[in-house]
Number of protein chains: 2
Amino acid sequence: MNRNEIVAHIEETKSLLCVGLDTDLDKIPTHLLSNEDPIFAFNKAIIDATAAHCVAYKPNTAFYEAYGLEGWKSFEKTVSYIKENYPKHMVIADAKRGDIGNTAARYAKAFLDTLNCDAITVAPYMGKDSVQPFSGRKGKWVIVLGLTSNPGADDIQKLELSNGLAVSQSVMDSVASWIPNDELMFVVGATRPDELAKIRSRYPETFFLVPGVGAQGGSAAEVVEAGCVKGIYGLLINASRGVIYASSGDDFAEAAGRAAEKLKMEMAGAFA
Amino acid sequence: MNRNEIVAHIEETKSLLCVGLDTDLDKIPTHLLSNEDPIFAFNKAIIDATAAHCVAYKPNTAFYEAYGLEGWKSFEKTVSYIKENYPKHMVIADAKRGDIGNTAARYAKAFLDTLNCDAITVAPYMGKDSVQPFSGRKGKWVIVLGLTSNPGADDIQKLELSNGLAVSQSVMDSVASWIPNDELMFVVGATRPDELAKIRSRYPETFFLVPGVGAQGGSAAEVVEAGCVKGIYGLLINASRGVIYASSGDDFAEAAGRAAEKLKMEMAGAFA
């Protein structure tokens with residue numbers, strides 16, 4: 001999925017929303033638990049209900065690995081279901097992997113080839129040879145952690161280097177020199193719109209995956225205001241819990257659809 | 001597995017060796033490929049041949065995830081086989097995970113509870129709330145990336161902060177304030193013995209998992225010289241390719257056993 005295709009899909013749906021499929025058996029409606037594969041049953045219903053209001057899905061691998069083999073199977077089925085039924089939607093494996101060269105190449109194979117995801121999130125701490133092996137696949141994206149939305153972002157990412165830059169800025173500068181701009185995105189948290197605006201001015205043409213809207217406290221309208229770029233948009237705004245657990249009753253799917261639509265509306269500024 | 005048990009096992013085997021099970025179907029002896037589960041068949045033979053010469057095994061999750069469901073199954077079987085047959089050997093899930101709080105808790109559950117590994121490697125870029133959820137399990141260890149053995153370690157870990165510390169030093173100082181010392185280890189690469197010695201003087205009582213011996217160029221004797229601590233040892237020295245691919249013929253297991261024994265001999269300085 002190349003940049004033009006992503007932009008065209010954004011314009012068609014009038015949405016920058018990415019729905020995070022952080023599916024947790026303790027949180028899904030109990031009537032689904034008798035299903036043969038409750039995780040997939042939940043995801044399928046959520047996907048069908050939200051597809052008209054979003055442009056991407058982001059299953060976080062942690063939630064699937066927590067259930068071992070069965071979880072891994074649900075992950076595979078979820079990716080296949082999206083690819084078959086909603087081929088314009090981007091599938092992002094939120095895996096935050098990072099390892100030395102030959103090992104990173106294995107992760108790239110696992111998520112971008114075997115599972116056929118469109119993108120994978122990558123942690124940069126181990127440097128160039130841990131990030132670069134994810135690049136070089138036509139239409140696939142490497143999404144590298146820049147400044148994240150959690151409180152712990154202060155602990156390392158915001159430390160000041162002797163050259164005056166924050167660690168996260170230096171990381172993003174380096175990463176941008178390793179990976180071509182048409183296959184690179186950065187994770188930039190929504191809980192800090194002023195910082196998002198600064199990072200946008202430093203990278204005017206790079207797509208950002210923005211977590212932290214909703215349950216984590218960020219506002220979609222503020223993110224659009226701070227980070228949207230005329231012509232390319234440059235934003236995928238993620239919401240997970242606020243959408244997929246909008247209701248725990250029989251109406252969970254419809255409620256998720258409404259929550260996704262509401263978030264889409266909050267992004268209207270991008271299309272004004 | 002607590003620290004006393006690890007130290008007792010080290011004294012019993014006279015070894016600090018950890019064998020990295022980075023099993024790759026393109027590299028294992030071809031006669032194993034007709035096996036129903038070639039990855040597990042290879043691992044089982046390697047484990048049986050090396051157990052007398054090592055104290056830990058470290059399967060890297062990337063190599064298993066690359067084969068999807070089948071690989072995940074082989075990973076589970078490998079961990080179970082070690083736990084059942086060599087219960088004194090530590091099993092380290094080399095997963096290098098790192099994500100926000102509730103998600104990190106899921107990874108902790110996946111690897112330390114569901115799979116029952118003794119330890120997991122963790123990437124620190126997202127800070128305290130991404131690291132701390134792995135701690136607090138009796139007898140389980142959190143192994144956090146400090147200074148890694150790959151060339152990319154220069155890119156971020158070695159940058160100088162405005163307070164004069166390297167990023168990796170600051171990371172380790174912070175992590176040591178978050179996790180109790182009896183459940184914390186650091187990854188410190190073997191390819192830099194002088195730096196290993198410096199880090200040892202900063203953390204005199206912390207266990208280090210040291211990758212980079214063998215295929216990556218580090219020497220086990222130098223690692224012992226630079227990092228071993230009287231009484232607690234404080235080192236698990238990992239070798240992967242140099243041991244498990246010592247031969248690609250029918251004698252692959254014996255050759256791995258000999259390679260492990262040779263590395264153990266190179267660590268004799270720790271027991272002098």
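Per chain, numbering begins at 1; letters A, B, ... match sequence-line order. Every heavy atom of this structure was used, including side-chain atoms; hydrogens, water molecules and symmetry mates were not. Everything numeric in this text was worked out from a predicted model, so none of it was measured.
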Closest approach of [X] to [Y] (non-hydrogen atoms, all atoms of both residues):
X: B/Ala62; Y: A/Arg106; value: O-CB, 3.6 Å
X: B/Ala66; Y: A/Lys109; value: O-CE, 4.4 Å
X: B/Tyr107; Y: A/Asp94; value: OH-O, 4.2 Å

Task: Residue of the set B/Leu161, B/Asn163, B/Leu159, B/Val171 for which side-chain contact (heavy atoms from CB on, under 4.5 Å) holds with A/Leu159 - done: B/Leu161
Do you know which of [options] has the most heavy-atom pairs under 4.5 Å to chain B?
options: A/Leu165, A/Asp129, A/Leu147; value: A/Asp129
options: A/Pro211, A/Ser162, A/Gly98, A/Ser149; value: A/Ser162
options: A/Ser130, A/Pro151, A/Ala153, A/Ala104; value: A/Pro151
options: A/Val167, A/Asp113, A/Asn150, A/Leu145; value: A/Asn150
options: A/Thr114, A/Thr61, A/Leu115; value: A/Thr61

Open item on the list: With a strict 4.5 Å heavy-atom criterion, list every residue of residues 121-128 of chain B that contacts chain A, or say none.
Closed with: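 The list, in residue order, reads B/Pro124, B/Tyr125, B/Met126, B/Gly127, B/Lys128.
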Open item on the list: Within residues 67-76 of chain B, which residues come under 4.5 Å of chain A, heavy atom to heavy atom?
Closed with: B/Tyr67, B/Gly68, B/Leu69, B/Trp72, B/Lys73, B/Glu76
Open item on the list: Is the shortest side-chain heavy-atom distance between B/Lys96 and A/Thr103 below 4.5 Å?
Closed with: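 Sidechains of A/Thr103 and B/Lys96: no contact.
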- [ ] Please flag which part of B/Asp99 lies under 4.5 Å from any non-hydrogen atom of chain A: side chain, backbone, both or neither.
- [x]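 It is both, since atoms from each part get that close.
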Task: Residue B/Ala95 versus chain A: region with a heavy atom under 4.5 Å - done: backbone
Task: Structural part of A/Thr148 lying under 4.5 Å from a heavy atom of chain B - done: side chain
Task: Part of A/Tyr64 within contact of chain B (heavy atom distance under 4.5 Å) - done: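 It is neither, since no heavy atom gets under 4.5 Å.
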